Amino acid sequence: MQELTNLDDQPFADLPPRERIRRTASELFYRRSIHTVGIDRIIAESGVAKMTFYKHFPSKACLITDYLRSQARVWMQMLVTRTERPGLSPVERVLAIFDALEASFQERPFRRCPFVKGLAEFGPEADTPEIQAMIDTYFENLDKLVTGLIAPLGLANSEKTVLQILALIQGVIVMAQATSDRRIGGAIRDAARLLLGDKSCD
């Protein structure tokens, strides 16, 4: 953690080449799309030589996988931090997922979850097994997180509820991208609360 903090404090030009590549790619992939950002642009904006780029990332697929791995850590840490706050009831821990998402929606412009975007760009027909594996791992970990939060509720059909919550998570992310309506986060949170059998009002 100390190493990451030190890197965060350094000016971009002083960062090691690998970190400059990673940060440049992350910004471009997020603002635009993975397919439309070419390696030449990443090399130019990161200020590294082409040979240096390929030394650290032998292919664009390797860089994309690294980017998604980094984003997975960020997104999962965001959700875990919210859901593990002390004093929350079991239902509130599930709803905290939507609180975390709502906070991210306020960062304009919101350009969606990188894994929803990744699914659109690297579907089953794409010949990119390492990228697809990274996307699959993220959704598996999200499933595990929600399953763990649902378990203490003792619901009769917890597996179905997990699927429903996962669908609401992905749905609110897509809706946040598609609409400027700032009520969407709260509306989906209310839907999740009703789904969990909590009829109370905030």
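Being a predicted model, the structure only gives us computed values, none of them experimental.
Between Asp143 and Thr147, the side chains place a donor N or O and an acceptor N or O closer than 3.5 Å (distance only, hydrogens not considered).
Taking the side chain as every heavy atom from C-beta outward, Arg18 and Asp66 approach each other to under 4.5 Å. Phe53 has its side chain out of reach of Ser46: every pair of non-hydrogen atoms, C-beta onward, lies at least 4.5 Å apart. Contact check for Val94 versus Val146: no side-chain heavy atoms found under the 4.5 Å cut-off. Counting heavy atoms from C-beta outward, Arg22 and Ile42 have side chains that stay 4.5 Å or more apart. Counting heavy atoms from C-beta on, the side chains of Thr83 and Leu88 never come closer than 4.5 Å. Side-chain contact check for Tyr138 versus Met76: some heavy-atom pair is nearer than 4.5 Å. Considering only heavy atoms from C-beta on, Trp75 stays 4.5 Å or farther from Asn141 through its side chain. Taking the side chain as every heavy atom from C-beta outward, Arg23 and Glu45 never approach each other to under 4.5 Å.
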Does the pair Met175 and Ile188 meet the rule for a side-chain contact (heavy atoms from CB on, under 4.5 Å), with working shown?
CA-CA 10 Å; Met175 288 296 293; Ile188 299 300; 5.9 Å; no
Between Gln132 and Ile135, does a side-chain contact (heavy atoms from CB on, under 4.5 Å) hold up when you go through it step by step?
CA-CA 5 Å; Gln132 291 166 305; Ile135 294 172; 5.6 Å; no
Derivation of the side-chain contact (heavy atoms from CB on, under 4.5 Å) call for Leu79 and Leu142
CA-CA 9 Å; Leu79 298 180; Leu142 182 60; 3.7 Å; yes
Candidate pair Gln170 and Phe139, rule side-chain contact (heavy atoms from CB on, under 4.5 Å), full reasoning:
CA-CA 10 Å; Gln170 300 311 322; Phe139 282 107; 3.5 Å; yes
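Counting all heavy atoms, side chain and backbone alike, Pro17 lies closest to His56 at CB-NE2, 4.2 Å. For Leu63 against Phe57, the heavy-atom pair with the smallest separation is CA-CD2, 3.7 Å. For the pair Met134 and Ala72, the tightest heavy-atom approach, listed with the atom from each and the gap, is CE-CB, 4.4 Å. Between Phe12 and Thr24, the closest heavy-atom pair is CZ-OG1, 3.4 Å. The two residues Leu153 and Pro90 come nearest to each other via the heavy atoms CD2-CB, 3.4 Å. Between Glu130 and Thr65, the closest heavy-atom pair is CG-OG1, 3.4 Å.
Contact check on Lys144 versus Glu140 returns no salt bridge, with no Lys/Arg side-chain nitrogen under 4.0 Å from an Asp/Glu carboxylate oxygen. Between Glu27 and Arg31 a salt bridge is recorded (basic side-chain N to carboxylate O distance below 4.0 Å).
Distance alone, capped at 3.5 Å, places no donor-acceptor pair between the Thr128 side chain and the Ile131 backbone. Ser104 places a side-chain N or O within donor-acceptor distance of the main-chain N or O of Leu101, the cut-off being under 3.5 Å. Between the side chain of Lys50 and the main chain of Asp40, no donor-acceptor pair closer than 3.5 Å is present. The backbone N or O of Phe98 lies less than 3.5 Å from no partner atom in the side chain of Arg189, so there is not a single donor-acceptor pair. Of the possible donor and acceptor atoms, none in the side chain of Arg193 sits under 3.5 Å from a partner among the backbone N and O of Leu95.
Applying the salt bridge (charged side-chain N to carboxylate O under 4.0 Å, His left out) definition to pairs two or more places apart or across chains, none involves residues 76-96.
Atom CD1 of Ile21 is separated from atom CD1 of Ile43 by 7.5 Å, given to the nearest 0.5 angstrom. Within the model, atoms CG of Asp190 and CG of Leu168 stand 11.5 Å from one another, a figure rounded to the nearest 0.5 Å.
Tyr54 and Leu28 end up in the same hydrophobic cluster when Ile, Leu, Val, Met, Phe, Trp and Tyr side chains are linked at under 4.5 Å. Grouping the Ile, Leu, Val, Met, Phe, Trp and Tyr side chains by contacts below 4.5 angstrom, directly or via other members, places Val80 with Ile173. Both Leu195 and Ile150 are assigned to one and the same hydrophobic cluster, defined by single-linkage of ILVMFWY side chains at heavy-atom distances under 4.5 Å.
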With a 3.5 Å cut-off and sequence neighbours excluded, list the donor-acceptor pairs that the side chains of residues 156-166 form with protein atoms.
| from | atom 1 | to | atom 2 | distance (Å) |
| --- | --- | --- | --- | --- |
| Asn157 | OD1 | Lys160 | N | 3.3 |
| Thr161 | OG1 | Asn157 | O | 3.1 |

